[in-house]
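What you see below is based on every heavy atom in this structure, not just the backbone, and it leaves out hydrogens, waters and symmetry mates. Atoms within a ligand are numbered from 1 in the order they appear, just like the ligands themselves.
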Amino acid sequence: MCGIVGILGSGPVATDLVDALRRLEYRGYDSAGIATVENGHLQRRRAEGKLRNLETRLLTEPLSGRTGIGHTRWATHGRPVERNAHPHMTALVSVVHNGIIENYRELKAELTALGHTFETETDTEAVVHLVSDEMQKGLGPIEAVRVALGRLRGAFALGIIFAGHDDLMIAARQGSPLAIGHGTGEMYLGSDAIALAPFTDTITYLEEGDWAVLRRRGAEIFDKSGTRVERPLIKAVASSLLVDKGNHRHFMAKEIHEQPEVISHTLANYLDMAAGTVNFPALGLDLGGVTRVTVSACGTAYYAGLVGKYWIERYARVPVEIDVASEFRYREPPLGPGGLSVFVSQSGETADTLATLRYCKASGQRIVSVVNVRTSTIARESDAVLPTLAGPEIGVASTKAFTCQLSVLACFAIALGRARGAIGPEQEEELVKALTELPRHISTLLRNEDEYERLAHELSKARDVLYLGRGTSYPLALEGALKLKEISYIHAEGYAAGELKHGPIALIDENVPVIVVAPEDDLFEKTVSNMQEVAARGGQIILISDADPSKAGCKLAAHIRMPKAHQFANPLLYAVPIQLIAYHTAVFMGTDVDQPRNLAKSVTVE
Ligand code: M6R
C-alpha cells in the first residue's frame with residue numbers, strides 16, 4: 001500500500017508532486033507529504049488525512065525546489081498522524097517508502113545505540129537513519145544507499161533524495177512495484193505509470209531487487225548484486241489518464257453504471273458473438289489436457305474466483321481448488337506437474353495474490369492471471385494474461401472490475417469445457433448467447449434506482465445484515481455482505497443459504513434484514529425453504545429474484561424484481577443490485593463512499 005512519487009524537474013516540482021499523488025490516493029489516504037531540496041537543504045510539508053489537507057497547507061506554506069519526493073500513506077506501523085507521515089528525514093536524507101521493513105526493530109535498536117534519535121513509530125525511519133549513518137561515516141549518497149539496502153529485510157519501494165544534491169534521486173524495489181518515467185531533461189519515479197501519466201508515457205519498470213540512480217539526464221539501474229543492468233523502455237497505455245466522475249456523485253456510481261459497456265468490451269475480447277462461439281487466446285497449454293485448476297485471489301476478486309469454480313466444475317467438468325491468497329500457500333498444497341493456476345486481481349499488485357502466484361510458479365504450475373492493470377506485477381509474472389477491460393477503477397469498492405472478472409471466467413469455463421469435450425457446439429452457442437444478452441439486462445436494471453433509495457433508508461437502521469444464496473448465488477451473498485460493510489460500516493455476513501440452520505439462524509429477529517439472492521433456477525425451491533425458516537423467526541426478508549414474489553411463500557419486506565436471464569449468466573446480473581444496495585445505503589448514511597475508512601484500493605502488504 002502507500003503511493004510514492006519522485007520528480008527531478010526543470011522547474012519547481014511541488015505542484016506536480018501533488019498532482020501525481022492525487023493519482024495514487026487509491027493506494028492509501030491516511031496522510032500525505034512531500035519533500036524537496038531547496039537551496040541545498042531538505043524541506044518537507046506533511047498533513048494528516050487526505051491529500052486535500054496537504055494542498056491546503058501548501059497554500060500557506062509553499063515549497064520550492066526542482067527535486068522532490070511525495071507520499072500518500074496507508075498506515076501499517078504507527079498511527080495515521082502527521083508525525084508518522086512520510087517523507088521521513090534527517091538533515092542529510094529524505095525517504096518515501098511503500099511496504100514493510102521487517103527488521104526495523106533491530107535496526108532501530110542498533111542505530112539508537114549509535115546516537116540516532118527516532119521521532120516516529122514507523123518502520124521507514126530505520127531506512128532514513130541507516131543511510132544517514134553511512135553518510136556520516138563518510139560514504140557518498142549512492143554508496144550509502146547501496147550498503148543500507150543490503151541490511152533491509154521485507155518488502156519495499158523507496159524514493160530517496162539528499163541534501164546538497166539537486167540532481168540525484170535513488171529508487172529501490174523489493175517486493176513493491178516501482179516505475180521510472182523518462183522525460184526530456186526531467187526524470188520521474190512512481191508506484192505506477194498512472195501517477196506519471198501527466199508527465200511521460202515512457203516507463204521503465206524496476207524488477208525485483210533492482211535499484212536505480214536517477215539524474216535529469218537519465219537513469220542507471222543495478223540489480224541486487226550491484227551489476228549494471230538494462231531494463232526495457234515501455235510505452236504506457238492511455239488508460240493511465242486520470243478519469244473523472246462524469247455527472248455522477250461518486251466514482252462508485254459511475255463505475256456501476258459503466259458495467260454494460262465494459263462487460264461488452266470484455267466479452268467481445270473473448271467471444272465471437274455473431275458465431276456464438278468463444279474465441280479464446282492461446283494460453284500456451286493444451287486446454288483439453290487440463291485436469292485440475294487452482295484459483296487464488298483476495299476479497300472481491302476471490303468471490304469472482306468462487307463463482308468461476310462453480311462454472312468450471314459444472315460446465316467444463318474440471319475440479320477446481322480455490323482459496324484466499326492469504327492462506328493458500330500456508331497450507332503448502334501439493335501441486336502436481338502440469339497443473340493450471342489462475343489468479344484474479346483488479347490491481348495486479350495484491351501482495352498475497354502475488355506471493356501465491358510465485359508459490360505456484362515454483363511448484364511448476366502454468367500461471368494464468370485475470371487482471372485489470374495489464375502492466376502490473378501479477379500480469380508481468382504470469383505465463384498468460386486474460387485482461388479484464390474494465391478501465392481504471394477508482395472507487396475502493398470493486399464493482400465493474402468484479403463483473404468483468406466474472407465475464408472472463410465465464411468465457412474461460414466455456415473455452416475449457418469445449419476443449420475437453422464437456423460442452424458441445426449447441427451448448428456453447430446457448431452459453432455465449434446468455435452472456436451477450438447481459439449488457440442489455442444490466443442497462444434495464446440501472447434505469448430504476450428509486451427502490452434502492454427506499455431500501456437504504458431501512459437498512460441504515462440495521463446493526464447487522466445477513467445475505468443468503470445457494471450455488472453461484474452463494475459467492476454473491478459473500479460479495480453483497482463485503483460491499484455493504486466496507487462502505488456503510490454496517491456489520492454484514494454472507495452465508496450459504498443451507499448453512500443458516502447450522503448456527504447463524506440464532507441471529508435472526510425482527511431487527512435483522514436478510515437479503516436473499518435467489519434467481520428462479522434449479523436451486524430456487526431449496527432457498528425458498530430457507531427463507532421460510534427466516535420468516536418464521538420474524539426476519540425481514542429482502543428478496544432479489546426474477547421469480548414472482550408469491551412464490552416466496554412468506555411475507556417479504558421488499559422484492560427487487562430481476563429480469564429473466566439464463567442461469568449461467570445470473571451471477572453477473574445479480575451483482576448489480578447488491579452493489580446498488582451497498583452504494584445507496586452508504587450514501588444515505590453519509591459515509592465516504594469512494595474512500596472508505598481504513599481501506600486502500602491496492603493492497604501491497606501481506
Ligand atoms: O486488486 P485486487 O483485485 O487484487 O484486490 C483484491 C481485494 O483487495 C479487493 O477485491 C477488495 O476486496 C475490494 N476493494 C472490495 O471491494
Testing the 3.5 Å rule here: is there a donor-acceptor pair between the side chains of S382 and K361? no

The atoms of ligand 1 lying under 4.0 Å from a heavy atom of E486, numbered in the order shown, are 15 (C), 16 (O)

Kindly indicate whether the side chain of Y359, heavy atoms from C-beta on, has any atom under 4.5 Å from the side chain of S341.
-> no

Assess the side chains of Q259 and T399: does a donor N or O sit below 3.5 Å from an acceptor N or O? no

Any nitrogen or oxygen of Q405, main chain or side chain, under 3.5 Å from a nitrogen or oxygen of ligand 1? no

Open item on the list: Assess whether a salt bridge exists between R358 and E381, defined as any Lys/Arg side-chain N lying under 4.0 Å from an Asp/Glu carboxylate O.
Closed with: yes

Backbone of V320 reached by a side-chain donor or acceptor of E313 within 3.5 Å: yes

In ligand 1, the atoms that come under 4.0 Å of a heavy atom of A301 are 3 (O), 10 (O)

Closest to atom 5 (O) of ligand 1 among protein heavy atoms sits T350 OG1, 3.5 Å

| message | Between L507 and D464, is there a side-chain heavy-atom distance shorter than 4.5 Å? | response | no

Do any nitrogen or oxygen atoms of T353 lie less than 3.5 angstrom from nitrogen or oxygen atoms of ligand 1?
no

Under 4.0 Å from one or more heavy atoms of K483, ligand 1 contributes atoms 15 (C), 16 (O)

Ranked by distance from atom 9 (C) of ligand 1, the top protein heavy atom is T300 N, 4.0 Å

Do R454 and Y452 form a cation-pi contact, if we require the NZ or CZ to be under 6.0 Å from the six-membered ring centre and within 45 degrees of the ring's axis?
no

Checklist entry - Can you say whether the rings of F280 and F412 are parallel (under 30°), tilted (30 to 60°) or perpendicular (over 60°)? => result tilted

So the atoms of ligand 1 within less than 4.0 Å of a heavy atom of V396 turn out to be 13 (C), 14 (N), 16 (O)

Out of A351, A325, C298, S347, the nearest non-hydrogen contact to atom 6 (C) of ligand 1 is supplied by C298

Requested in this report: Would you please determine whether E349 falls within less than 4.0 Å of ligand 1 on a heavy-atom basis?
Outcome: no

Here the atoms of ligand 1 under 4.0 Å from any heavy atom belonging to Q346 are 1 (O), 2 (P), 3 (O), 4 (O)

(message) Which label fits H257 and H248: parallel for a plane angle under 30°, tilted from 30 to 60°, or perpendicular past 60°?
(response) tilted

If you scan protein heavy atoms around atom 8 (O) of ligand 1, the nearest is V603 CG2, 4.0 Å

Here the atoms of ligand 1 under 4.0 Å from any heavy atom belonging to A397 are 16 (O)

